[in-house]
Amino acid sequence: MARLYAATGDAIARLDEGDGGWTVEPSLEGTGAQCLAVDRDDPDVVYAGLREGGMRRSTDGGRTWIDCSPPEPGVFSLAVAADGGIFAGTEPSRLFRSDDRGASWRELEALLDLPSRPTWSFPPRPWTSHVRWIAPSPHDAALILVGIELGGLMRSTDGGESWEDHRPGAQRDVHSLAWHPQVPDRAYEAGGGGAAFSEDAGETWQAADDGRDRHYTWAVAVDPDDPDLWYVSASTGPFAAHGGRDPQARIYRRRANEGWQTLDGGLPEPLPAMPYALLAADGRLFAGLADGQLWESSDRGDNWRACAFRAGSTRALRALAAA
């Protein structure tokens, strides 16, 4: 039996698997909760980032929450480091770290000293940008990747005290990042112009777009046991992906020495909503759609089935995390 947490864009949902389906327990409804992170050692400790309301922490699996906000209220990304620290990325683009579960924060100001900073601009709000994704290495607490939407993929090797500007070969319009949990040097990106991967701990990147007819990639997930097996969701462009109509979206799988393969066994054709979240864990692959549907594959994407909600429902699934 599994437990998942989801950010819906308006709330946090706890999804508990039981006989006959999943029970959905919502919380923080109406807060604009759009990102989340789960503590590495205690699955009952959950952090939620709110679009305009800062950040909340739960120590009882999402049933009650307390305010633990960083100085900037628009929290767009969260991550837990290998040493237990928590990172929060905001709009406008700033990066903060807490070592006491959000009781106090310090800004990693060197990120804003990068030469590319004057060019950072989020197209729907071109006067600003945000930290779209934070990916601390699970193997090295000093190694951090940060994606600016839209600005580039930045890298730090000293815990955020200094930064390397946009990495060669990576997408500048960063949407999602991932590390392989067992192979320290392997990292993965889904971006607005395609997907990329790194074999040198994020220093340089290689495009990975062959065999895929959609290049606006959004979510990325990697098989925990195989660094050459990974997944992305993709659409034809931002207007289709986020417009609320036909997303023209697909889920793709890539294996070693192969191009991308469309995964459609059992999935609706066409997909009714954009797959905003992908999660690979414990031999299962989950896809969370923008309309609240949750789909699961137990054979690495060959075949899919809809997850039945026996109690409760979700408006949208914008982010997923395993407990």
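Residue indices begin at 1 and follow the sequence shown.
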Under the side chain to side chain contact (heavy atoms under 4.5 Å, CB included) rule, what do W163 and L95 come out as? Steps first, then yes or no, please. CA-CA 12 Å; W163 292 87; L95 182 63; 3.5 Å; yes
Is a side-chain N or O of W304 found less than 3.5 angstrom from the main chain of L285, in a donor-acceptor match? no
Donor-acceptor side-chain pairing of S69 and D67 below 3.5 angstrom: yes
Okay, side chain of R97, backbone of L108: is any donor-acceptor separation there less than 3.5 Å? no
Is the H242 to W218 ring centre distance short of 6.0 Å? yes
Report the C-alpha distance between I86 and W105 in whole Å, list the side-chain angles of each, state the deciding distance to 0.1 Å, and finish with yes or no for side chain to side chain contact (heavy atoms under 4.5 Å, CB included). CA-CA 9 Å; I86 180 80; W105 294 89; 3.9 Å; yes
Looking only at heavy atoms, what is the nearest atom pair of D165 and R167, with distance? O-NH1, 2.9 Å
Non-neighbouring partners of R125 that pass salt bridge (Lys or Arg N to Asp or Glu O under 4.0 Å), sequence neighbours left out: E91
Salt bridge check: are R284 and E17 linked by an N-O gap of less than 4.0 Å? yes
Return the CG to OG distance between L150 and S129, rounded to the nearest 0.5 Å. 9.0 Å
Under-4.0 Å salt bridge between R172 and E189: no
Supply the atom-to-atom distance L111 CG to F96 CZ, rounded to the nearest 0.5 angstrom. 10.5 Å
Go through the steps for F122 and R132 under the test side chain to side chain contact (heavy atoms under 4.5 Å, CB included), then give the verdict. CA-CA 10 Å; F122 179 53; R132 176 69 181 86; over 6 Å; no
Ignoring hydrogens and geometry, is there a side-chain-to-backbone donor-acceptor pair from T217 to S233 under 3.5 Å? no
Treating R14 as the side-chain partner and G62 as the backbone partner, does any N or O pair qualify as donor plus acceptor under 3.5 Å? no
Any residue meeting side chain to side chain donor-acceptor pair (under 3.5 Å) with D226, in chain and number order, not counting sequence neighbours: none
Cluster check I144, M154: I/L/V/M/F/W/Y, side chain < 4.5 angstrom: yes
Spell out, as yes or no, whether a donor-acceptor pair under 3.5 Å connects the side chain of Y5 to the backbone of P43. yes
Judged by atom type as modelled, is there a donor-acceptor pair below 3.5 Å linking the side chain of D209 to the main-chain atoms of A195? yes
Find out whether the Lys NZ or Arg CZ of R57 is both under 6.0 angstrom from the six-membered ring centre of Y47 and within 45° of the ring's axis. no
I need the minimum non-hydrogen distance between L153 and A170, along with the two atoms involved. CD1-CB, 3.8 Å
Closest heavy-atom pair and its distance - A79, I134: CB-O, 3.5 Å
Heavy-atom side-chain proximity of Y252 to D213 below 4.5 angstrom: yes
Would a distance-only check, ignoring hydrogens and angles, find a side-chain to backbone donor-acceptor pair under 3.5 Å from R212 to A208? yes
Hydrophobic cluster identity match, F197 and V220, side-chain contacts under 4.5 Å: yes
Nearest 0.5 Å please: distance from the CD1 atom of I148 over to the CG atom of D173. 11.5 Å
Could you give me the CA-CA distance, side-chain angles and deciding distance for R56 and V75, then say whether side chain to side chain contact (heavy atoms under 4.5 Å, CB included) is met? CA-CA 10 Å; R56 303 290 184 271; V75 178; over 6 Å; no
Are there over 12 heavy-atom neighbours, none belonging to E164, within less than 6.0 Å of that residue's CD? yes
Surrounding CZ of R117 (heavy atoms of other residues, nucleotides or ligands, distance under 6.0 Å), is the total greater than 12? no
Can you tell me if R253 uses its side chain to pair, donor with acceptor, with the backbone of R300 under 3.5 Å? yes
Any donor-acceptor pair under 3.5 Å from Q182 side chain to P224 backbone: yes
Minimum heavy-atom distance V174-E149, with the two atoms named: O-CB, 4.0 Å
Are W295 and L271 in one and the same hydrophobic cluster, where Ile, Leu, Val, Met, Phe, Trp and Tyr link if side-chain heavy atoms are under 4.5 Å apart? yes
For residues L177 and W179: do they belong to one hydrophobic cluster (side chain heavy atoms under 4.5 Å, members Ile, Leu, Val, Met, Phe, Trp, Tyr)? yes
How about D60: does its CG atom have over 12 heavy atoms from other parts shown lying under 6.0 Å from it? yes
Under 3.5 Å, is there a donor on one side chain and an acceptor on the other for T90 and E72? no
From NE2 (H180) to CG (D223), nearest 0.5 Å: 6.5 Å
Residue pairs meeting side chain to side chain donor-acceptor pair (under 3.5 Å), one or both in residues 28-43, sequence neighbours left out, come to Q34-R51
With the 4.5 Å side-chain cut-off for hydrophobic clustering, are V24 and I12 part of the same group? no
Any ion pair linking D228 and R186 (charged N to carboxylate O, less than 4.0 Å)? yes
Backbone N/O of S162 and side chain of S156: donor-acceptor pair under 3.5 Å: yes
